[in-house]
Amino acid sequence: MAQGGAGGFGGRPSRRAVLASALAATWLVGDTSSSSVGRDVQRNTVDAARDPAHTDVLFVGAHPDDESSNLSTFGQWHEDLGWSIGVVTVTRGEGGGNAVGLEEGPELGLIREMEERQATAFAGVENIYYLDKPDFWYTLSAPLTARVWGEQDTMARLVRLVRLTTPHTIVVMDPRPFNQHGGHQLSARLGIEAFRLAGDPLVYPEQITDEGLTPWHPSRLLAQNYGFDSLLGPDAPQQRRTDPDTGLPVIGVWSGTRSREHNTTWAQVERDATRLYLTQGFAAKPAQVSSDPGQLGSDWFTVLAADGRFVQAAVHRQTGLKPLYAEFRDWADRAGLPWLANRVQPNYPPNPSTTIPAVAAAPVLNGVEGPGEYPGPELPLAVWEGGGGCAATAKLVRHDDDLYVLVNVTDDRKGAELAADDIKRHWRTDSIEIALDPRGDSDDTSTTLKTGILPYTAGRGGPAAERDADNHQGVAGEAVPGMQVAAMVTEPYRGYSIEVKIPLTGLPTAVDPTKFAMNILVYDSDTDDKTGQIRLAWSPFGSAQADPYVWGTATLVGYRQPADPLTTEVPPAIPQTAARSADSSASLAQTRRTGVPIAGGPRPRLAR
């Protein structure tokens, strides 16, 4: 029998058989034949008739839209195998951007919930369980996310949901840390641990003794894998594949199979659904996917467990791990999957370096380089994502305790003009980001200063600046007293220059003038729909805006710390207000239908 994703052309196995064998992954140990998959389906269908909370497949994500790239697979499993699909979304994404309005925070979160429910319905998803945890800014740190979410409380809620929904398959995001949102990482870790813990009666025993739940052992555990996205066509998932980092098997489900209900390919169904995530700018995706089967890809999943047991692989230890990667290695060891940490730390390129000279007279803050104002080296900003249509350079100097940054941008098209009171999430349009790590030792951006600067605002407005995803967010002048911004925008539009004054005394801790680290980034938008197309950076590698490990170093020539420098880091200010299921009519209606309490909360105590 073929092993891989769904077929759909004459002479190949039926879609049901191919899908079953793909998920069964018959080369794994144990009884993983397609007949065993059929027994799972039959058994859980009986459960579903008795328990409206049951779901065959449970996807665990961090934000609304995290499941969007797998809707073609979930739709096929639902339509061709008869499996019910449920989704756990830890937050409602209230910390993200909004491409269609000014709503933010909990109000935005409830909008994103409705987007997710409408989009996933295309794949037959009926139930989405939100855990009401706060979404905050983009970070690469799972440990930071764990502190904000309350890791143990979130774990208890997720284990409860697994015991209530009794899935045979759990699908998680990629838990590995490089170049990936910390919320994605942590939701995957929690899903992996819930897979293991939900069947143990000694774990959260009060759920069993007080709430009447029973331990539940899921059979299979899959993780999203985007390392095979370049493999196109129906034959790609028919071959056995192995993840080159972890050594684990990988399966694919082809998106070109036609849906009987929708009368088009599942790739097109997924695109139609994805475009409903309006706040995230997904409506800008092309409305039509290719009609050429050879141009359609597959969804790929690493097989972490089969028949209720973790799939094992050889362990390859790395030495010299940076703290964030060492923390992941230690977690993988504790979780019983040490091979997940194989090659976990990428081969970082050498960090760029520069010197920041001191000047006797402060530059005139007008968006223009005056004679002798910036005698230091010019820093080229290279393409980090996208390409074409934008180029930029930067220069820096210091005067007393103030850092001055001048960025010149050549651009071929003006992006959306945001309102002066809509400057959060600056990457939605043309903007500059300056990231500063005062001592060059940060593991995440909560101990740094990051400012986003718009060169123009709506109604011929001038520049505006904010702090985002750093130690203290807010309007720049308030979050960094003494910070000032000037801009010069060419007419007709051919680009702009931004000049910034940043007091070094406003950083989260005292500056080390020999280890000072920074990155300077440019976001370029060539549309009016509040979506970016091109990104540049002085140090362009991975998630260049959020990974202090990749930032360049700068020596502050002649700098002496103030007489009373900060000796301890300022605690980070992190938004922790979440949208609540109690305020969602859809979540409340779902609870009445399924009997599963909102937010993964406890069932009423059993009568004694």
Side-chain angles (χ1 to χ4, degrees), residues 62-66 68 89 91-119 130 132-139 181 183 274-285 414-433 450-470 472-480 483 485 487 489 498 523-533 545 573-581 583-587:
H63 317 97
D65 77 38
D66 284 345
S68 62
T89 303
T91 81
R92 283 181 173 81
E94 53 271 297
N98 186 349
V100 293
L102 296 178
E103 298 89 354
E104 58 183 51
E107 186 179 8
L108 172 61
L110 293 175
I111 294 172
R112 293 193 66 180
E113 173 183 347
M114 296 314 299
E115 290 177 350
E116 184 176 31
R117 290 187 183 277
Q118 292 166 2
Y130 297 91
D132 290 6
K133 295 300 179 177
D135 180 41
F136 58 108
W137 33 261
Y138 180 63
T139 179
H181 198 304
T274 299
R275 282 166 50 84
L276 295 178
Y277 298 93
L278 301 178
T279 61
Q280 303 313 292
F282 289 3
K285 293 178 178 289
K414 201 173 185 180
E417 294 184 349
L418 302 182
D421 60 352
D422 183 29
I423 61 173
K424 288 186 178 181
R425 304 3 168 200
H426 52 273
W427 56 84
R428 295 174 292 158
T429 190
D430 296 333
S431 58
I432 299 295
E433 184 173 306
K450 292 179 66 203
T451 179
I453 304 164
L454 305 178
Y456 50 81
T457 51
R460 292 188 170 273
E466 49 108 19
R467 289 183 66 175
D468 184 89
D470 71 346
H472 190 93
Q473 304 83 55
V475 177
E478 300 172 2
V480 188
M483 179 174 168
V485 177
V489 181
I498 280 180
Y523 298 88
D524 179 44
S525 175
D526 292 331
T527 70
D528 297 320
D529 57 12
K530 300 180 184 179
T531 60
Q533 284 75 47
Q545 81 280 42
I574 299 178
Q576 299 197 34
T577 303
R580 302 187 314 144
S581 295
D583 297 325
S584 164
S585 59
S587 289

(message) The test is side chain to side chain contact (heavy atoms under 4.5 Å, CB included); show your working for Gln533 and Thr531 and say whether it passes.
(response) CA-CA 7 Å; Gln533 284 75 47; Thr531 60; 3.2 Å; yes
Could you check whether any side-chain N or O of [X] sits under 3.5 Å from a backbone N or O of [Y], counting only pairs where one atom can act as donor and the other as acceptor?
{"X": "Arg467", "Y": "His472", "value": "yes"}
{"X": "Gln473", "Y": "Ala573", "value": "yes"}
{"X": "Asp65", "Y": "Ser68", "value": "no"}
{"X": "Thr91", "Y": "Ala62", "value": "yes"}
{"X": "Thr451", "Y": "Glu466", "value": "yes"}

Does any part of the side chain of [Y], heavy atoms only, come nearer than 4.5 Å to the side chain of [X], both counted from C-beta?
{"X": "Phe136", "Y": "Gln576", "answer": "no"}
{"X": "Thr429", "Y": "Leu454", "answer": "yes"}
{"X": "Glu115", "Y": "Leu276", "answer": "no"}
{"X": "Arg112", "Y": "Thr89", "answer": "no"}
{"X": "Tyr130", "Y": "Leu110", "answer": "no"}
{"X": "Leu418", "Y": "Thr457", "answer": "no"}
{"X": "Glu107", "Y": "Asn98", "answer": "no"}
{"X": "Ile574", "Y": "Trp137", "answer": "yes"}

(message) Please verify the inter-ring angle class for Trp427 with Tyr523; under 30° counts as parallel, over 60° as perpendicular, anything in between as tilted.
(response) tilted
Which value, rounded to the nearest 0.5 Å, describes the distance between [X] atom [atom1] and [Y] atom [atom2]?
{"X": "Gln545", "Y": "Glu433", "atom1": "CD", "atom2": "CD", "answer": "6.5 Å"}
{"X": "Lys530", "Y": "Gln280", "atom1": "NZ", "atom2": "CD", "answer": "12.5 Å"}
{"X": "Thr577", "Y": "Asp135", "atom1": "OG1", "atom2": "CG", "answer": "12.0 Å"}
{"X": "Asp430", "Y": "Asp526", "atom1": "CG", "atom2": "CG", "answer": "7.5 Å"}
{"X": "Leu278", "Y": "Met114", "atom1": "CG", "atom2": "CE", "answer": "12.5 Å"}

Of all heavy-atom pairs between [X] and [Y], which one has the smallest distance, and what is that distance?
{"X": "Glu94", "Y": "Ala579", "answer": "OE1-N, 2.8 Å"}
{"X": "Ile453", "Y": "Ala465", "answer": "CG1-CB, 3.9 Å"}
{"X": "Thr274", "Y": "Phe282", "answer": "O-CB, 3.2 Å"}
{"X": "Gly93", "Y": "Pro64", "answer": "N-CD, 3.6 Å"}
{"X": "Arg425", "Y": "Gly95", "answer": "NH2-O, 2.9 Å"}
{"X": "Ala464", "Y": "Ile423", "answer": "CB-CG2, 3.7 Å"}

(request) May I ask you to say whether Arg92 pairs ionically with Asp132, meaning some side-chain N is under 4.0 Å from a carboxylate O? (result) yes
(message) With a 6.0 Å cut-off (strictly less than), is the heavy-atom count around NZ of Lys414, excluding the residue itself, greater than 12?
(response) yes
(request) Verify the distance criterion only: is there a donor paired with an acceptor across the side chains of Ser587 and Arg580 at less than 3.5 Å? (result) no
(message) Checking side-chain polar atoms at under 3.5 Å, does Asp468 have a donor or acceptor matched by the opposite partner on His426?
(response) no
